[in-house]
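This one's a predicted model, so the numbers in the text were calculated from it and none came from an experiment. Excluded from the calculations below are hydrogen atoms, water molecules and symmetry mates; all remaining heavy atoms, backbone and side chain alike, are included. Just so it is clear: chains get the letters A, B, ... in the order the sequence lines come, proteins before strands, and each one is counted from 1.
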Protein chains: 2
Amino acid sequence: MATIKDVARAAGVSTATVSRVLNNHGSVTTEARDRVNEAVRTLGYHPNSAARTLRSHEVSTLGLVIGDVLNPFFAELARAVEDEAREHGYYVIIGNADENPQCQDEYLDILLDRRVAGLLMCPTAEVSPRVGEAVRNGHSLVFLDRTIPELDIPTVRSENAQAVHELVRHLCSVGHHRIAIISGPDSLVTGQERLAAFREALRDNGCELPAEYLRIGDFQVESGVQAMRSLMELPAPPTAVFAADNLMALGALRSIRDQGLRISTDVGIASFDDLPWFELVDPPITAVQQRTEEIGRVAVRELIASLHGEQARSWKFPCRFVPRQSCGERHP
Amino acid sequence: MATIKDVARAAGVSTATVSRVLNNHGSVTTEARDRVNEAVRTLGYHPNSAARTLRSHEVSTLGLVIGDVLNPFFAELARAVEDEAREHGYYVIIGNADENPQCQDEYLDILLDRRVAGLLMCPTAEVSPRVGEAVRNGHSLVFLDRTIPELDIPTVRSENAQAVHELVRHLCSVGHHRIAIISGPDSLVTGQERLAAFREALRDNGCELPAEYLRIGDFQVESGVQAMRSLMELPAPPTAVFAADNLMALGALRSIRDQGLRISTDVGIASFDDLPWFELVDPPITAVQQRTEEIGRVAVRELIASLHGEQARSWKFPCRFVPRQSCGERHP
DNA sequence: CTGAAAGCGCTTACAG
DNA sequence: CTGAAAGCGCTTACAG
């Protein structure tokens with residue numbers, strides 16, 4: 001590949017001049033500028049950004065580490081992050097941690113080593129020393145969707161409790177008293193908060209959460225399938241089930257169908273996360289909607305603020321409860 | 001941040017020795033090695049990979065440029081690429097081109113500048129000079145899902161025609177004669193091929209494709225909504241509609257529901273791409289399944305082969321036609 | 001306006 | 001086994 005030296009030679013100038021026209025820095029005569037541009041074109045020259053970064057410390061790339069691209073929630077988040085970043089002149093490179101702390105660390109290293117300007121991440125369960133270290137080393141970091149309480153890092157995410165309360169109130173009002181939950185992992189704040197809110201809301205409405213109505217999943221499809229099956233095999237199965245994310249909801253729906261049961265008639269189902277196809281299922285799925293796009297966009301803005309030396313702030317966005325017909329609601 | 005010099009000083013050795021223990025290159029006494037490792041730990045040292053790459057030309061990262069993360073097909077592809085890459089010791093960083101040739105070029109530059117070992121991409125419509133240039137400059141590149149015929153670049157993708165033929169035969173066999181298509185863009189091979197196969201299959205089965213039954217979409221949801229609406233407003237609307245990707249199928253389904261129509265009874269619908277929730281819709285959606293995971297994995301293997309100086313090959317994977325009940329099929 | 005030169009943080013022959 | 005030194009491809013004061 002052509003280097004800056006080749007260009008300089010071809011244009012009959014020094015490498016300093018080439019650098020100047022490339023970066024629009026300092027003044028260069030029009031004539032010299034033209035010769036350089038010409039040389040760049042004919043040589044098909046592209047600056048080596050490793051060298052450039054090494055020297056100038058300037059970068060216009062943001063790193064994003066997400067839990068799992070296959071989860072539509074994260075895909076939407078990634079999209080929002082990308083859109084907002086681009087509007088500010090940044091690109092984003094994505095690493096997929098696969099909900100695996102070790103993998104997350106590796107991406108953290110890779111992205112940081114590549115000298116991204118700043119980092120956005122959805123932290124997985126365990127606290128990795130690498131994360132704290134990155135911050136101490138002066139890297140700008142903001143969490144999104146999830147947080148790690150011990151770490152005091154600016155976080156943009158959903159306020160989980162209020163919509164869960166609304167959901168439970170709704171379920172009770174349409175006549176459910178035996179309500180089960182397919183919860184997320186204990187180790188994730190999103191898992192904890194949704195479960196805590198669910199439990200509390202149940203109590204507020206004069207219900208209990210018997211141990212056998214609590215199933216801990218891992219936010220993946222298969223755990224939803226398993227949980228739903230075992231729930232329906234109980235001597236006294238629940239009349240409604242709340243799945244704490246869209247993937248487990250998908251699993252639960254699949255399990256209902258496989259058991260030859262009917263949604264709503266045989267067992268009600270509600271989901272945290274709302275997906276476009278929820279409206280197309282018969283009956284349409286009652287769900288909690290997160291403001292995913294806003295979470296992604298605001299996180300980027302906070303990160304950029306922190307890049308500019310301002311103090312990044314944390315945000316919590318309320319969710320919207322969207323009752324439909326999957327829980328025995330009367331049809332309109 | 002600590003540099004290799006700091007480590008060298010702290011360990012009382014030269015930077016050369018530090019580099020040796022870091023890369024497990026050459027021999028170092030156990031004692032020196034221990035001192036270096038100790039220094040690395042206490043200083044929280046992480047090598048600057050820009051500098052390392054600049055010097056050694058070695059990289060273990062693959063770049064992936066996809067059309068749109070929000071499209072579940074691409075998300076699945078990205079996941080497969082990542083899994084396979086990791087099994088070979090590579091990481092992958094993803095760029096989201098948003099189906100925009102200019103954006104694609106920018107990611108191409110960014111990823112190449114960051115010195116990825118090789119590049120995987122789903123090329124958007126227009127041929128970008130940047131792509132040919134990258135290849136000429138000796139970069140390893142493989143296309144997946146789509147290709148650009150003029151470019152002669154190894155491509156791993158689906159064989160689109162055969163399953164479409166099967167689909168059409170199926171539709172005719174269950175009594176459809178007025179079949180419309182919501183096609184992808186003309187400029188994408190996937191769009192072209194699916195349409196051409198559809199047209200040909202119709203002819204084989206003694207049907208026509210009247211101009212008003214051909215709607216060109218852009219592989220996005222909204223175009224599916226529009227197309228479906230206008231199709232059903234025709235004086236003689238089709239009895240079945242084939243959507244050339246999952247996003248347009250989603251749009252079409254939404255449009256059917258919004259118009260108060262019933263799937264299958266009022267109009268049949270089939271989709272290219274099969275999604276987990278297709279089984280959950282009532283009635284379940286008839287679809288063409290791509291071997292997405294295999295496409296992603298094989299593309300990575302070909303890229304790695306080409307990195308090792310072997311000639312990468314092109315692959316075409318057959319699709320599987322999955323008849324369900326959305327096209328007036330008799331219920332089992 | 002422009003060039004010579006130093007230096008970013010590493011790796012790697014080359015001596016010893 | 002180890003260090004001094006060159007060099008990867010850039011950018012940026014410093015002179016002129």
Side-chain angles (χ1 to χ4, degrees), chain A residues 1-40 43-61 109-117 137-139, chain B residues 1-37 39-40 43-61 109-110 112-117 137-139:
Chain A
M1 288 198 63
T3 73
I4 199 173
K5 262 191 197 157
D6 301 321
V7 176
R9 198 175 314 125
V13 297
S14 71
T15 60
T17 300
V18 176
S19 177
R20 282 187 195 103
V21 354
L22 255 27
N23 299 293
N24 254 316
H25 231 67
S27 24
V28 181
T29 53
T30 325
E31 200 216 359
R33 180 178 306 276
D34 288 348
R35 284 215 310 278
V36 169
N37 284 326
E38 175 60 20
V40 166
L43 291 167
Y45 168 73
H46 282 273
N48 177 326
S49 76
R52 174 178 282 179
T53 300
L54 182 55
R55 189 60 243 250
S56 70
H57 300 277
E58 253 177 46
V59 259
S60 60
T61 316
D109 278 346
I110 291 188
L111 259 20
L112 253 25
D113 285 356
R114 264 147 220 276
R115 298 301 188 253
V116 290
N137 282 332
H139 283 110
Chain B
M1 290 198 62
T3 73
I4 199 174
K5 262 192 200 157
D6 301 322
V7 177
R9 197 176 314 127
V13 297
S14 72
T15 61
T17 300
V18 176
S19 177
R20 282 188 195 102
V21 354
L22 256 27
N23 299 293
N24 253 317
H25 232 67
S27 26
V28 181
T29 52
T30 325
E31 198 215 359
R33 181 179 306 276
D34 289 348
R35 285 215 310 280
V36 169
N37 284 326
V40 165
L43 290 167
Y45 170 72
H46 282 273
N48 176 327
S49 76
R52 172 177 284 180
T53 301
L54 182 56
R55 189 61 244 249
S56 70
H57 299 277
E58 252 177 46
V59 259
S60 62
T61 317
D109 278 345
I110 290 187
L112 253 23
D113 285 356
R114 264 147 220 274
R115 297 300 187 256
V116 290
N137 283 333
H139 284 110

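Spacing between atom CG of B:Leu22 and atom P of C:dG9 amounts to 15 Å, rounded to whole angstrom units. If you take CZ of B:Arg55 and C1' of D:dC10, they are 15 Å apart, rounded to a whole angstrom. Look at CZ on B:Arg35: it is 12 Å from C1' on D:dC1, rounded to the nearest Å. Atom CG of A:Asp34 and atom C1' of C:dC1 are 15 Å apart (whole Å). The nearest whole Å value for the distance from the CZ atom in B:Arg52 to the C1' atom in D:dG7 is 17 Å. Distance CG (A:Asn23) to C1' (D:dT12): 10 Å, rounded to an integer number of Å. The separation between B:Tyr45 atom OH and C:dC10 atom C1' is 7 Å, rounded to whole Å. C:dG7 atom C1' lies 9 Å from atom CG of A:Leu54, rounded to whole Å.
Distance check on atom C1': C:dT12 versus C:dG16 gives 16 Å, rounded to whole Å. Taking atom P in both C:dA5 and C:dC1, the straight-line distance is 23 Å, to the nearest Å.
Across all strands shown, B:Thr29 has heavy atoms under 4.0 Å from sugar-phosphate atoms exclusively, and none from any base. Within 4.0 Å of A:Thr17, counting heavy atoms only, lie sugar-phosphate atoms of the nucleic acid but no base atom. Residue A:Ser27 is classed as a base contact, given a heavy-atom separation below 4.0 Å to a base.
Taken to the nearest 0.5 Å, the CG atom of A:Leu54 stands 12.5 Å off from the CZ atom of B:Arg55. For the atom pair CG (A:Leu43) and CZ (A:Arg9), the distance works out to 9.5 Å, reported to the nearest 0.5 Å.
Annotation for A:Thr15 and A:Ile4: closest pair O-CD1, 3.7 Å, computed over non-hydrogen atoms. Nearest heavy atom pair, residue A:Arg35 against residue A:Gly12, reads NH2-O, 3.8 Å. Closest approach of A:Val28 to A:Thr17, counting heavy atoms only: CG1-CG2, 4.0 Å.
Qualifying side-chain contact (heavy atoms from CB on, under 4.5 Å) partners for B:Ala16, counting only residues two or more places apart in sequence or in other chains: B:Ser14, B:Arg20.
Using a 4.5 Å heavy-atom cutoff, the side chains of A:Asn24 and A:Arg33 are in contact. Between B:Asn48 and B:Thr3, every side-chain heavy-atom pair lies at or beyond the 4.5 Å cut-off.
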Go through the steps to decide whether A:Leu22 and A:Val7 satisfy the test side chain to side chain contact (heavy atoms under 4.5 Å, CB included), and finish with yes or no.
-> CA-CA 11 Å; A:Leu22 255 27; A:Val7 176; over 6 Å; no

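Nearest-nucleotide positions on DNA chain D place B:Gly12 closer to the 5' end than the other of A:Ile4 and B:Gly12. Along DNA chain D, the nucleotide nearest B:Ala51 and the nucleotide nearest B:Glu31 are compared for position; the residue whose nucleotide lies closer to the 5' end is B:Glu31.
OP1 and OP2 of C:dG9 both lie 4.0 Å or more from every side-chain N or O belonging to B:Thr3. Look at A:Ser14 and you won't find any side-chain N or O under 4.0 angstrom from OP1 or OP2 of C:dA4.
The side chain of A:Lys5 lies closest to D:dC8 when the candidates are D:dC8, C:dT2, D:dT12. Listed nucleotides: D:dT12, C:dC8, D:dT2. Nearest to the side chain of B:Ala32: D:dT2. Of the candidates D:dC1, C:dG3, C:dC10, the closest approach to any side-chain atom of B:Asn48 belongs to C:dC10.
In this structure, the side chain of B:Asn37 does not engage the main chain of B:Asp34 through any donor-acceptor pair within 3.5 Å.
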Might you list the N or O atoms of the protein lying below 3.5 Å from N or O atoms in nucleotides 14-16 of chain C, with each pair's distance?
none

Dot-bracket line, read 5' to 3' along DNA chain C, where crossing pairs take [ ] and | marks a partner on another strand, Watson-Crick or G-U under 3.5 Å | |||.||||||||.|||

